[in-house]
Amino acid sequence: MNKKELIKEIKRLKKEKKAIILAHNYQEPSVFEVADYLGDSFELAKIAQKTDAKIIIFAGVKFMAESAKLLNPQKKVLIPDINAICPMAGMVNKKELNKLKKKYPEATIVCYINTTTETKAMCDACVTSANAVKICKKLPQKEIIFLPDQHLASYIQAQLPEKTIIPFQGFCEVHAQASEQYFKKAKAKYSQAPLLLHPETPKNFWQYADAILGTGGMINFVKKSSEKTFLIGTEKDMAERLKLSFPDKNFIPLLGECVNMKKINLENIYQSLLEEKYEIQISEDIFEKAKRPLEKMIKLAK
Ligand code: 13P
Ligand code: SF4
């Protein structure tokens, strides 16, 4: 099938099977053409929790689909490529966490949504980049063990000096590979353009940023700004996502590609809908434990 036929078939199958497609902002523009909702990881989790569709197809990475399943256990949640994983989610090791727990017995444990279900089951609260500061501020404990992203942990610490954020050593390879030289060049070339930076980017890049935001926050920033050109300090296709909402503005990507996000495409979305694969399964013994921090996030983010 060519692209046009694939899109037509996907739309027909969605209707027939009462399915919705949730697409993360880093997906390729062709995926946006069949998506019912586009969003950041927090926005998509909230939509997943509320939908009455029978099937949720997650165009994103596995932890996002798992979060959708945890928040809406009655639904069938499918991911078109089971190998679309976030490497950072796999950077938590239980031994290291136990060491930190022993060293900081008063600390609460907060995880980024970019974690496996097994990790979530060991945590008290979950956050995304859209609500991390707000939620950590609301938690009564002064000490917070934060996993796995060390850079988001530094960002939270800088915003909340009254807290002690104890970081894990995880990182996102897309954001950690940012080039300072490239940032400097872009800043010099587009001197008027605000630079929007994702908090997964290391601390030494903060000095170039006009705002540090998750992907949903970037969309809101552009909406409110009268500027015409923006430098986008996150995964490269975020520039395409912004162009879709703001066709009259220009977006210059500063970072590389998340290869895992790009494993989802129209062909595997079609196969996923047709054969109802790959279904997210979560073992019963951790389901309730892993669901709690996500529900707490949604409650505290209000
Ligand atoms: P957002 O929640 O800001 O969309 O970020 C998700 C992510 O994986 C960033 O790399
Ligand atoms: Fe994970 Fe980084 Fe890809 Fe986001 S961009 S899904 S944090 S690897």
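Just so you know, ligand 1 is whichever comes first in the structure, and atom 1 is the first atom listed for that ligand.
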What's the shortest distance from [atom] to any protein heavy atom, and which residue and atom give it?
| atom | result |
| --- | --- |
| atom 1 (Fe) of ligand 2 | C86 SG, 2.4 Å |
| atom 2 (O) of ligand 1 | S41 OG, 2.4 Å |
| atom 8 (S) of ligand 2 | P87 CD, 3.7 Å |
| atom 3 (Fe) of ligand 2 | C258 SG, 2.4 Å |
| atom 2 (Fe) of ligand 2 | C172 SG, 2.3 Å |
| atom 5 (O) of ligand 1 | H198 NE2, 3.3 Å |

Please check if the side chain of [X] supplies one atom and the backbone of [Y] the other of a donor-acceptor pair under 3.5 Å.
| X | Y | result |
| --- | --- | --- |
| D40 | G217 | no |
| K76 | I56 | no |
| K14 | V34 | yes |
| K69 | K75 | yes |

* Hey, quick one: are I135 and L152 part of the same hydrophobic cluster, counting side-chain heavy atoms closer than 4.5 Å, chains of contacts allowed? -> yes
Atoms in ligand 1 flagged as close to [X], the criterion being non-hydrogen separation under 4.0 Å:
| X | answer |
| --- | --- |
| E200 | 7 (C), 8 (O), 9 (C), 10 (O) |
| H175 | 10 (O) |
| G214 | 3 (O) |

Measure the distances from the heavy atoms of [X] to every atom of ligand 1 and state whether one is below 4.0 angstrom.
| X | value |
| --- | --- |
| N114 | yes |
| H24 | yes |
| E235 | no |

* **Charged N-O contact under 4.0 Å between E16 and K11** => no
Heavy-atom check, side chain of [X] versus side chain of [Y], under 4.5 Å:
| X | Y | value |
| --- | --- | --- |
| P87 | E173 | yes |
| F251 | L231 | no |
| T234 | M218 | yes |

Considering the heavy atoms of [X], write down every atom of ligand 2 situated less than 4.0 Å from one of them.
| X | value |
| --- | --- |
| E200 | 2 (Fe), 7 (S) |
| Y26 | 4 (Fe), 5 (S) |
| M88 | 7 (S) |

* Test side-chain hydrogen bond (donor to acceptor under 3.5 Å, both in side chains) on K142 and T164 and set out the steps. => CA-CA 6 Å; K142 184 178 181 293; T164 304; 3.2 Å; yes
* Asked: If you measure from each non-hydrogen atom of S129 to ligand 1, which part falls under 4.0 Å: side chain, backbone, both or neither?
  -> side chain
* Asked: Is ligand 1 under 4.0 Å from a heavy atom in the side chain of Y26, in the backbone, in both, or in neither?
  -> side chain
* Ring-ring centroid check F146 F168, cutoff 6.0 Å -> no
* Asked: For ligand 2, which part of N260 has a heavy atom less than 4.0 Å away: the side chain, the backbone, both, or neither?
  -> neither
